[in-house]
Amino acid sequence: MEAVVMSADFFSTGSVLPVSALPSGALESLLAPLGLRWQPVPDGAEIPGSYWGESEAGLIGNCLYLRSDTPVHSALHEACHWLLADAQRRAALHTDAGGSDTEENAVCYLQCLLAERLPGYSQARCFADMDAWGYHFILGSAAAWFAGDSADAQALLL
């Protein structure tokens, strides 16, 4: 299976849904029962633990850092990195979650699954946001990858 490759040319898109568009408390309600904390960051401030910078979600330990303009798919993606890490890796998480190509695929797959459980979001919107952001899949889109080229991700999640 082909690993997902992401690019940083997404900063000019502006077409992805930000966390501020979600119903109040939606993200926290999804993530808190799983053990992940959520820390808001003031608009315009640098997001601690953000791998890509700009408005992208940050992850340090068991805390997800988000600004109001952080893309929902980015918040879910970083949350899924935390969910897939074992306790030792979780304790050491800071900015770069690491992991194998297969784990990255599993993170992408899980974020698409969780999108359906997030009020104000959907799997279809997650696919569209991933495509707009700059995820690159060998089958051409996130939806096509999810449906037809994600067996490695599914196997790791199982």
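By the 4.5 Å heavy-atom criterion applied to side chains, Leu84 and Leu157 are counted as neighbours. Put simply, the side chain of Leu114 reaches to within 4.5 Å of the side chain of Leu83, judged on heavy atoms. Here the side chains of Glu104 and His81 are in contact, with some heavy-atom distance below 4.5 Å. For the pair Tyr65 and Ile60, the minimum side-chain heavy-atom distance is below 4.5 Å.
Among residue pairs with one or both ends in residues 115-127, those qualifying as salt bridge (Lys or Arg N to Asp or Glu O under 4.0 Å) are Arg125-Asp129; sequence neighbours excluded. Sorted by first and then second residue, the ring-ring contact (aromatic ring centres under 6.0 Å, His included) pairs with a member in residues 84-107 form an empty list; sequence neighbours excluded. Sorted by first and then second residue, the pairs that involve residues 31-46 and meet side chain to side chain donor-acceptor pair (under 3.5 Å), not counting sequence neighbours, are Asp43-Ser68. Listed by first and then second residue, the salt bridge (Lys or Arg N to Asp or Glu O under 4.0 Å) pairs involving residues 80-94 are Arg89-Glu103 (not counting sequence neighbours).
Taking the side chain to side chain contact (heavy atoms under 4.5 Å, CB included) definition, one finds that Ala45 meets it with Val41, Pro42, sequence neighbours left out. With sequence neighbours left out, Asp69 forms a salt bridge (Lys or Arg N to Asp or Glu O under 4.0 Å) with Arg67. In this view, His73 and Trp133, Tyr135 satisfy the ring pair (Phe, Tyr, Trp, His ring centres under 6.0 Å) rule, not counting sequence neighbours. Every residue meeting the ring pair (Phe, Tyr, Trp, His ring centres under 6.0 Å) condition with Phe127, not counting sequence neighbours, appears here in chain and number order: Phe146. The side chain to side chain donor-acceptor pair (under 3.5 Å) search around Thr70 returns none, not counting sequence neighbours. By the side chain to side chain contact (heavy atoms under 4.5 Å, CB included) test, Ala26 pairs with Leu22, Pro23, Leu118, Pro119, sequence neighbours left out. Applying the side chain to side chain contact (heavy atoms under 4.5 Å, CB included) criterion to Ala155, with sequence neighbours excluded, gives no partner residue. The side chain to side chain contact (heavy atoms under 4.5 Å, CB included) search around Ser29 returns none, not counting sequence neighbours.
Taking every heavy atom of both residues into account, Trp82 and Gly61 meet most closely at CD1-O, 3.2 Å. For the pair Leu31 and Ala79, the tightest heavy-atom approach, listed with the atom from each and the gap, is CD2-CB, 3.8 Å. For the pair Leu66 and Ala75, the tightest heavy-atom approach, listed with the atom from each and the gap, is CD2-CB, 3.7 Å. Across all their heavy atoms, Ile47 and Ala57 have their closest contact at CG2-C, 4.2 Å. The shortest non-hydrogen separation linking Gly148 to Leu139 is C-CD1, 3.9 Å.
For Gln123 (side chain) and Cys112 (main-chain N/O), a donor-acceptor pair under 3.5 Å exists by modelled atom type. With hydrogens and angles ignored, the 3.5 Å screen pairs no side-chain donor or acceptor of Ser150 with any backbone N or O of Ala153.
Using a 3.5 Å distance cut-off with no hydrogens or angles, the side chains of Ser74 and Glu56 do pair a donor with an acceptor.
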(request) Quick one: do Tyr51 and Leu59 satisfy side-chain contact (heavy atoms from CB on, under 4.5 Å)? Show the steps, please. (result) CA-CA 8 Å; Tyr51 181 82; Leu59 183 62; over 6 Å; no
(message) Would Val19 and Leu27 count as a side-chain contact (heavy atoms from CB on, under 4.5 Å) here? Give the steps.
(response) CA-CA 8 Å; Val19 297; Leu27 199 54; 4.1 Å; yes
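Taken to the nearest 0.5 Å, the CG atom of Asp131 stands 10.0 Å off from the OG atom of Ser15. The distance from the CG atom of Leu64 to the NE2 atom of His77 is 11.5 Å, given to the nearest 0.5 Å. The distance from atom CH2 of Trp145 to atom CG of Asn105, rounded to the nearest 0.5 Å, is 5.5 Å. Rounded to the nearest 0.5 Å, atoms CG (Leu93) and CG (Asn62) are 9.5 Å apart. Note: Cys126 SG to Leu17 CG = 10.5 Å, rounded to the nearest 0.5 Å.
Taken together through direct or relayed side-chain contacts under 4.5 Å among Ile, Leu, Val, Met, Phe, Trp and Tyr, Val107 and Met130 form part of one hydrophobic cluster.
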